[in-house]
Amino acid sequence: MRKSDRTARFQVESYDLEATLNSGQAFRWEKFETNWEGIVKRRWVKLSRDPGAIVAETADSVPDWDWLKDYLQVELPIENVIGSFPDDEALRTAVSAFPGLRLLRQDPWECLASFILSSNKRIVQIRQIIRALCRRFGEGIPSGAGSPGAYTFPSAARLAETSEGELRECKMGFRARYLREAACLVATSKIDLDSLRRLTCEEARCQLMTIPGIGCKIADCVLLFGLGFNEAFPIDVWIMKGLRELYFKNRPVPMKELREFATGHFGEFAGYAQQYLFHYLRTRTADTASSTNSAR
DNA sequence: CTCCAGGCGCCTT
DNA sequence: AAGGCGCATGGA
């Protein structure tokens, strides 16, 4: 097998691979030295940066790289996105913290299942649960030399035939029932995730929220990260506190009002704005937080 | 030990 | 309609 069939270069400007793969939108990427290893569409992938390009390497030969270009959104003109943002102090700060942060276009089912598992969990633990889930119920696939075994994300059909008890062995606790029920709905096509793309964002959100364990926030994550609705604006605890602080002088603004503000303020790429704010909020106090904790 | 985590569902007012 | 509480599990 020729190496050229297993590697590709994507020309990109302003693409922060680290921030993009490690900003809580996807949970399976792991860093080894300067490389990032993950699984996209049943393929193990190793990514690294060259000046002006992203370098990709797979375990098997690849005739066509569109699947990865789509996942990474390398052809999206990010300057149009940032240019569409309202000109306010908070967003300027957040964007300048990670100007190369991008949104990935993930598989809708993996995204849906992952964010069901995210509820009331820290990102580190979400990653652990998903790792255990894939190892146990995913399919083994070839990985690069020196890498630990790679597994696909288990299909809805596969998880639909597992018991709640088996899922709980992956330490997901009460989320097991939600995950199994969601898997059954998707596996039986009672929910057709791909067809949701053809609906309006609002219609698709309503469909998603009929799934047990999926409320407004998780639905918005699926809309944004999995289905390509760039206007979806997930409001988690970080964004909730951040919006109150940055836009409302820490007034205890009710959730409903925050949602209306976000919808009106951030524009057609509100979801990108959300990701810049989220990553900025989560990383800005990391230094002071750890130093104050360690000073205990 | 207690507290809390990329929330949600359900039960009170 | 809005607010409060329990939920599994593990790390700080």
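Every value quoted in this text rests on a predicted model; they were computed, and no experiment measured them. Numbered from 1 within each chain, the chains take letters A, B, ... in sequence-line order.
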Find the distance [X]:[atom1] to [N]:[atom2] and express it as a whole number of Å.
X	N	atom1	atom2	value
Asn120(A)	dG10(C)	CG	P	14 Å
Asp236(A)	dC8(B)	CG	P	10 Å
Leu133(A)	dT9(C)	CG	C1'	16 Å
Glu169(A)	dT9(C)	CD	P	11 Å
Met172(A)	dA5(B)	CE	C1'	17 Å
Arg177(A)	dG9(B)	CZ	P	10 Å
Gln128(A)	dA12(C)	CD	P	10 Å
Glu257(A)	dA1(C)	CD	C1'	16 Å

Could you please name the option among [options] that lies closest to any side-chain atom of [X]?
X	options	value
Ile239(A)	dG6(B), dG11(C), dC8(B)	dG6(B)
Gln125(A)	dT9(C), dG6(B), dA2(C)	dT9(C)
Lys217(A)	dG10(C), dC8(B), dA2(C)	dC8(B)
Lys171(A)	dG6(B), dA2(C), dT9(C)	dT9(C)
Tyr178(A)	dG11(C), dG9(B), dG7(B)	dG9(B)

Distance between the P atoms of dA2(C) and dG6(B), in whole angstroms?
27 Å

Please give the distance between the P atoms of dC8(B) and dG10(C) as a whole number of Å.
22 Å

Just call it for [X]: base, sugar-phosphate, or nothing, with non-hydrogen atoms closer than 4.0 Å on any strand.
X	value
Cys216(A)	sugar-phosphate
Arg175(A)	base
Pro212(A)	sugar-phosphate
Ser114(A)	nothing
Gly213(A)	sugar-phosphate

So, does the side chain of Gln274(A) form a donor-acceptor pair with the base of dG6(B) at under 3.5 Å?
yes

Just by distance, no angles: are the side chains of Thr152(A) and Glu139(A) close enough, under 3.5 Å, to form a donor-acceptor pair?
no

For Asp88(A) and Tyr247(A), test the side chains for any donor-to-acceptor distance below 3.5 angstrom and give the result as yes or no.
yes

Give the C-alpha distance, both sets of side-chain angles, the deciding distance and a yes or no for salt bridge (charged side-chain N to carboxylate O under 4.0 Å, His left out) between Arg131(A) and Glu30(A).
CA-CA 11 Å; Arg131(A) 194 178 302 127; Glu30(A) 295 192 36; 3.4 Å; yes

Verify whether the ring centers belonging to Phe233(A) and Phe266(A) lie closer than 6.0 Å.
yes

Tell me whether the centres of the aromatic rings in Phe27(A) and Phe153(A) are closer together than 6.0 Å.
no

Nearest heavy atom decides the nucleotide; on that basis, is Arg122(A) or Ser119(A) closer to the 5' end of DNA chain C?
Ser119(A)

Ring-plane angle category for His265(A) and Phe261(A), please: parallel below 30°, perpendicular beyond 60°, tilted otherwise.
parallel

Here's a test of your reading of the structure: between Ile211(A) and Cys221(A), which maps to the more 5' nucleotide of DNA chain B?
Cys221(A)

Kindly confirm whether the side-chain ring of Trp238(A) is stacked on the base of dG6(B), judged by centres under 5.5 Å and planes under 30°.
no

Look through every strand shown and name the nucleotide pairing with dA1(C) as Watson-Crick or G-U wobble, where both distances are under 3.5 Å.
dT13(B)

